[in-house]
Amino acid sequence: MRNKEVAEKFYELAEVAELAGENPFKVKAYLEAARVIENLTIPIEDLAKEDKLDGIKGVGKSIAEKIKEYLETGKITKLEELKKVVPEGLLELEKVKGLGAKRVKILYEKLGIKNLEDLEKAAKEHKIRDLEGFGEKTEQKILEGIKSLRDKRTDRFLIGIALPIAESIVNLLSKNTPIEKHMICGSLRRMKDTIGDIDILVTSKNPSFVMDYFVQIPFVKEVLAKGDTKSSIITQEGIQVDLRVVENDSFGAAIQYFTGSKNHNVRLREIAIKKNLKLNEYGVFRLDDNAIIAGVKETDVYEALDLDWIPPEMREDTGEIELAMQHKLPTIVDYKDIKGDLHMHTKYSDGANTIEEMARKAISLGYEYIVVTEHAKALGVAHGLSIEEFKKEKEEINRLNRKFYPFKIFLGVELNILSDGSIDFDEKDLDIFDLCLAGIHTGMNQSESAITERIKKVLQIPKVKIIVHPTGRIINGRSEYSVNIDEIFREAKKYNKIFEINASFERLDLSDVNARKAVYEYGLKIAIGTDAHSTESMNNMRFGVGVARRAWLRKEDIINTKSLKEFEEFLREV
DNA sequence: GCCGTTTTCGGCCCGACTGTTTTCAGTCG
């Protein structure tokens, strides 16, 4: 699967082409192609082989040729030629806030500025202020921009860090200020695995009171801006939070606008134009007489465009708009559809709580069952259990099941996929388990073919049902190990295996793109497990469901939406 | 360079903000 790689090339092509002064619409076409390829669930090399590249929306004859050329030779002639005219360093100059392609080009042509160092020197020597279109303030801003670029942490924030902060701010506002409606928008509402900043929208009859309160809440580290309708702060954690107060009549249009994604919104506005309408953050307007026809409710905004309302998690312009147009959107899984948690650890291995505490927590979450899945013996660092120890755990589970009836605890295990593709126990010993998970915890630096073969080997073990955290990524920490995920999925379908969406917010593995591929391209089923090591982290289920919703998964695609009775039937088939 | 339930040619999202300007270009989200 080389989609990501090809997409990167076209992002680069777009950047370089823009700096070279190519037709802006051509640049837009490259960007659009890159984005579509990135979100494709089918390997692009397969499409190339079958000569179906120009069937991709946004890919025409010319871009199809470039894709083919890249796949065959590793190069795009057009890109190589442009690079001869555009120095490498110009790309980083665009990252300075306030500088876009146009200004970078002027700086290069008039002052010969080729990189950050040149830029800083020129600004300090006051050479920039005399250029046409530039001035003293711009020069100052450029220096500030260079500084913040160098200071800036490049990581985005994990959703599991950002969402609780956003929620506590909303709570404080609700309690202490006269706000009426409120909504956390942006990538948080879309449940992206990482977020850049927090967007909160509220309505209020007394905006200035709300703003005065907002900029002085305890965890504010810095106030970036304070106005009547918009204020921005930086929290102690370093996350930027924007609070906007909007009119009640525009609330629906505003949350639509600020939820994004950008690409989704651009498409909506294009659709509006074709219907002789205009869409902005204030509402949907008729172009003829500027009359407002929607704005209070978000559903009305979509309806005004003849679209079904689209769940925020799906708003990435990867086909959801077309389906909404035809009224064929899938009914995606709901947060309350989850009936059990399939992956957790207790004090028996490296968890912080007892089985009983985990069970009580599960009951408080409204679950009908849990599967307790300690590490198996090969994972020494995590107190992996022997078969004898699992037998003991089983006795305690039996006792607790009598106590908590009809709620049920199952005995599972998280097996290790060892470096030769074997697992911790003999297959005959696995019969004591209700459910066997298996995952890679060691030997992640092996080659793609080695890791792929390891997993394929484990797929053949009848008793192993679920592959957990299948790509091994830790967000902002460790990238995926190299594995041919298409080959794994194809093989898994033969044996009816299931893949986990690990709901721990550092992992979220499978990712949205991979989960969608597993279900929609390979017809596989998904399990969502929190991998909780404490009662507290069982709350992370919502992040896993968020990924499932971003992957367009339906209730029936996810096995832990089954009722206890259905789940027991499922286990008997295992 | 792509695309077509008005189009195979002539379009290609919207508004706010900033700084440089006397009416607007560039940038951002």
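Every heavy atom of this structure was used, including side-chain atoms; hydrogens, water molecules and symmetry mates were not. Letters A, B, ... are given to chains in the order of the sequence lines, protein chains preceding strands, and every chain is numbered from 1. Because the structure is a prediction, the values reported are computed rather than measured.
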Between B/dC2 and B/dT6, how far apart are the two P atoms, rounded to whole Å? 23 Å

C1'-based separation of B/dC9 from B/dC14 [nearest Å]: 25 Å

Rounded to the nearest angstrom, tell me the gap between atom NZ in A/K26 and atom C1' in B/dG11. 17 Å

Are more than 12 heavy atoms from other residues, nucleotides or ligands located less than 6.0 Å from atom NZ of A/K75? no

For DNA chain B, whose closest nucleotide is more 5', that of A/V266 or that of A/G58? A/G58

Report the distance from atom CG of A/N276 to atom P of B/dT6, rounded to the nearest whole Å. 11 Å

Atom P, compared across B/dA25 and B/dT21: separation rounded to whole Å: 13 Å

Between A/R189 and A/T259, do the side chains contain a donor N or O and an acceptor N or O under 3.5 Å apart? yes

Does atom CD of A/E125 have more than 12 heavy-atom neighbours from other groups under 6.0 Å away? yes

Scan nucleotides 15-28 of chain B nucleotide by nucleotide, 5' to 3', and note B when protein non-hydrogen atoms come under 4.0 Å of the base, S if they reach only the sugar-phosphate, - if neither. SS--SS-----SSS

Applying a 4.0 Å non-hydrogen cut-off, can you work out what A/K66 is touching in the nucleic acid: base, sugar-phosphate, or nothing? sugar-phosphate

Taking atom types as modelled and ignoring hydrogens, do the side chains of A/D486 and A/Y522 form a donor-acceptor contact shorter than 3.5 angstrom? yes

Within 45° of the six-membered ring axis of A/F134 and under 6.0 Å from that ring's centre, is NZ or CZ of A/R103 located there? yes

Can you check the distance between B/dG10 and B/dT18, where both ends of the measurement are the C1' atom (answer in whole Å)? 33 Å

B/dC12 versus B/dT8 - spacing of their C1' atoms, nearest Å: 16 Å

Can you check the A/F285 CZ to B/dC14 P distance for me, whole Å? 13 Å

Return yes if some donor-acceptor pair links the side-chain N/O of A/R516 with the main-chain N/O of A/W552 below 3.5 Å, else return no. no

Look at A/K26 together with A/E22 and state whether they make a salt bridge at an N to O cut-off of under 4.0 Å. yes

Can A/F25 be classed as stacking with the base of B/dC12, given a centroid separation cut-off of 5.5 Å and a plane angle cut-off of 30°? yes

Candidates B/dG1, B/dC12, B/dC3 - which lies nearest the side chain of A/E270: B/dC12

Are A/Q240 and A/D242 close enough that a side-chain donor and a side-chain acceptor fall under 3.5 Å? yes

Could you work out the separation of B/dG11 and B/dT7 based on their C1' atoms and round it to a whole Å? 9 Å

Applying a 4.0 Å non-hydrogen cut-off, can you work out what A/N265 is touching in the nucleic acid: base, sugar-phosphate, or nothing? nothing

Aromatic rings A/H264 and A/Y302: how do their planes relate, parallel, tilted or perpendicular, breaks at 30° and 60°? tilted

When the distance from CG of A/L31 to C1' of B/dC2 is rounded to whole Å, what number comes out? 13 Å

Looking at DNA chain B, which of residues 192-214 of chain A put a heavy atom within less than 4.0 Å of it? none

Without decimals, in angstroms, what is the distance between A/K28 NZ and B/dG10 C1'? 13 Å

For B/dT8, the nucleotide meeting Watson-Crick or G-U wobble distances (both under 3.5 Å) is none

Which word best sums up how the rings of A/Y30 and A/F10 line up, parallel for under 30°, tilted for 30 to 60°, or perpendicular for over 60°? tilted

Take atom NZ of A/K181 as the centre, draw a 6.0 Å sphere, and report whether it contains more than 12 heavy atoms from other residues, nucleotides or ligands. yes

A/I76 atom CD1 is separated from B/dG1 atom P, nearest whole Å, by 12 Å

Write down the distance separating the P atoms in B/dT22 and B/dG26, rounded off to the nearest Å. 14 Å

Could you state the atom-to-atom distance from CD1 of A/I273 to C1' of B/dC12 in whole Å? 9 Å

Figure out the CD1/P separation between A/I271 and B/dT5, and round it to whole Å. 12 Å

Categorize A/V27 for me: base, sugar-phosphate, or nothing, with a 4.0 angstrom heavy-atom threshold over every strand shown. nothing

